[in-house]
Number of protein chains: 2
Amino acid sequence: MELSPTAKVVLGMIALGERTGYDIKRVVERSTAFFWGASFGQIYPELARLEGAGLISGSSRGPRGRKEYEITAAGRRALRTWLASPEPQAFAFRSEGLLKAFFGDLAPIEDRLANARRLVEWNEHVLALFREIEAEGSTAEALTYGVEFIKWNLDWWRRHERRLKARARTRPRPETRVRHRR
Amino acid sequence: MELSPTAKVVLGMIALGERTGYDIKRVVERSTAFFWGASFGQIYPELARLEGAGLISGSSRGPRGRKEYEITAAGRRALRTWLASPEPQAFAFRSEGLLKAFFGDLAPIEDRLANARRLVEWNEHVLALFREIEAEGSTAEALTYGVEFIKWNLDWWRRHERRLKARARTRPRPETRVRHRR
DNA sequence: GAAGGCATGTAAATCGTTACATGATTTA
DNA sequence: TAAATCATGTAACGATTTACATGCCTTC
């Protein structure tokens, strides 16, 4: 019973006691979203699939048409199997800011500095959001990971900004035209 | 002229002097892959699109059927526009290991420890790969980012492993059964 | 002349976001 | 009673991976 990426969060959240798609979305947004997101467009079809596969069971509709589910014994088994699985654990990292920095020599220094500045600000906002979630009492290790990562990332971009400024002072207007290889 | 995600690397690599899809793939694998990948299935159609849009121009076929491109003036403009763009810079982070750690209480401690161990080993391998690329003489800042990130990540997972071991000593067999909320 | 690396390309399948449509219930 | 929030769902599009098909060129 191979779980799809979205099934992993959805089934896990149901196992933790969440009952509806809407609940799952709300909790995901405040917990796993940073490293494992899920949109409504994925959650609702996934709940239907999981029910069809017998991993969760949906009781009748509650108030406001809420469709409440709970995990089944088979669902619990599938979840444990995944949690114990030795298969390589998916990892993906994508950063447009880094890509721009990589092609840095193709752009004037002012543009590079502006980008670095924006990255620093974005990291500050995310850190503030994480602090807020922390303040609500969450002690999840995953949150600690998020906070530590953002602190490190913020620091890297600040140092990057400083390096660019130093370079701007030495060579105020670097060449932006790339020479062709012959 | 909105550039697709793949167009950003492809056009950038052509601007840096790479000539064919095959070359781009090889260079990407040793430079941006960690934060911005591209597969053949994306690169070749993207080259065709970029040529159709006039951002690159393909000369005739070289040896072994090589199809060589170079950037046009319009392509250079499009690239600079993107590099200077203030739009939010895409960022994505996905870690199945963290998701498993988040649902940790649903699994026996041995499974959690095994996962942490695997993560530590994976990070050690990636770090070794980065060191190898560094040894080849690359000084790209993006590589420094990769090395520093992996060092930090490796350290986090080692600390996580230690925390799990400490917990295993105190409570050798924690409950794995989740209580339902009523 | 066989093997292996160079090189381009397509097709299928999956994954994920976004926008939209719809309606119930609570609150100002 | 209007607005906000709760709640489910679908459709369209775009991004991405993987597997496959094909042929050239060099080296052993």
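Proteins come first, then strands; the chains are lettered A, B, ... in the order of their sequence lines, and each starts at number 1.
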Please pick, from [options], the nucleotide with the shortest atom-to-atom distance to any side-chain atom of [X].
| X | options | answer |
| --- | --- | --- |
| B:Tyr44 | C:dG5, D:dT17, C:dG9 | C:dG9 |
| A:Tyr22 | C:dG9, C:dA7, D:dA7 | D:dA7 |
| B:Arg94 | D:dT8, C:dG16, C:dG9 | C:dG16 |
| B:Asp23 | D:dT18, C:dA7, C:dG16 | C:dA7 |
| B:Thr20 | D:dA15, D:dT8, C:dT8 | C:dT8 |
| A:Ser39 | C:dT17, C:dC15, D:dT8 | C:dT17 |

What is the distance from [atom1] of [X] to [atom2] of [N], rounded to the nearest Å?
| X | N | atom1 | atom2 | value |
| --- | --- | --- | --- | --- |
| B:Arg64 | C:dC6 | CZ | C1' | 4 Å |
| B:Trp36 | D:dT16 | CH2 | C1' | 13 Å |
| B:Tyr69 | C:dA7 | OH | C1' | 12 Å |
| B:Glu18 | C:dA7 | CD | P | 12 Å |
| A:Gln42 | C:dT17 | CD | C1' | 8 Å |
| B:Glu46 | D:dT16 | CD | C1' | 13 Å |
| A:Arg49 | D:dG9 | CZ | P | 13 Å |
| B:Ile24 | C:dT8 | CD1 | P | 9 Å |

Counting just side-chain N and O atoms, does [X] come under 4.0 Å of either OP1 or OP2 of [N]?
| X | N | answer |
| --- | --- | --- |
| A:Arg66 | C:dG23 | no |
| B:Lys25 | C:dT8 | no |
| A:Thr6 | C:dG16 | yes |

Worksheet item: Using a cut-off of 4.0 Å on non-hydrogen atoms, how would the nucleic acid contact of A:Arg26 be classed: base, sugar-phosphate, or nothing?
Response: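 Answer is nothing: A:Arg26 stays at 4.0 Å or more from every strand.
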Discussion item. Regarding A:Pro5, tell me which of base, sugar-phosphate or nothing describes its non-hydrogen contacts under 4.0 Å with the strands shown.
Written reply: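 Sugar-phosphate contact only - A:Pro5 comes under 4.0 Å of backbone atoms but never of a base.
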Worksheet item: According to the interplanar angle, ranging from 0 to 90°, do the rings of A:Phe34 and B:Phe91 count as parallel (below 30°), tilted (30 to 60°) or perpendicular (above 60°)?
Response: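 Taking B:Phe91 first and then A:Phe34, their aromatic rings lie parallel (interplane angle under 30°).
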Practice prompt. Specify whether A:Trp82 and B:Phe103 have parallel, tilted or perpendicular ring planes, treating 30° as the upper limit for parallel and 60° as the lower limit for perpendicular.
Written response: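 Taking B:Phe103 first and then A:Trp82, their aromatic rings stand perpendicular (interplane angle over 60°).
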Worksheet item: Aromatic ring centroids of B:Trp157 and B:His160 under 6.0 Å?
Response: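 Close enough - the centres of the two rings lie under 6.0 Å apart.
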Item to complete: For A:Gly41 and for A:Pro63, find the nucleotide of DNA chain C with the closest heavy atom, then tell me which residue's nucleotide is more 5'.
Response: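 Its nearest nucleotide being more 5', the pick is A:Gly41.
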Fill in: Interatomic distance, B:Leu127 atom CG to B:Phe149 atom CZ [nearest 0.5 angstrom]
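One finds 11.5 Å between CG of B:Leu127 and CZ of B:Phe149.
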Practice prompt. Would you sort out whether B:Thr144 and B:Glu141 count as a side-chain hydrogen bond (donor to acceptor under 3.5 Å, both in side chains), showing the intermediate values?
Written response: CA-CA 5 Å; B:Thr144 312; B:Glu141 270 199 71; over 6 Å; no
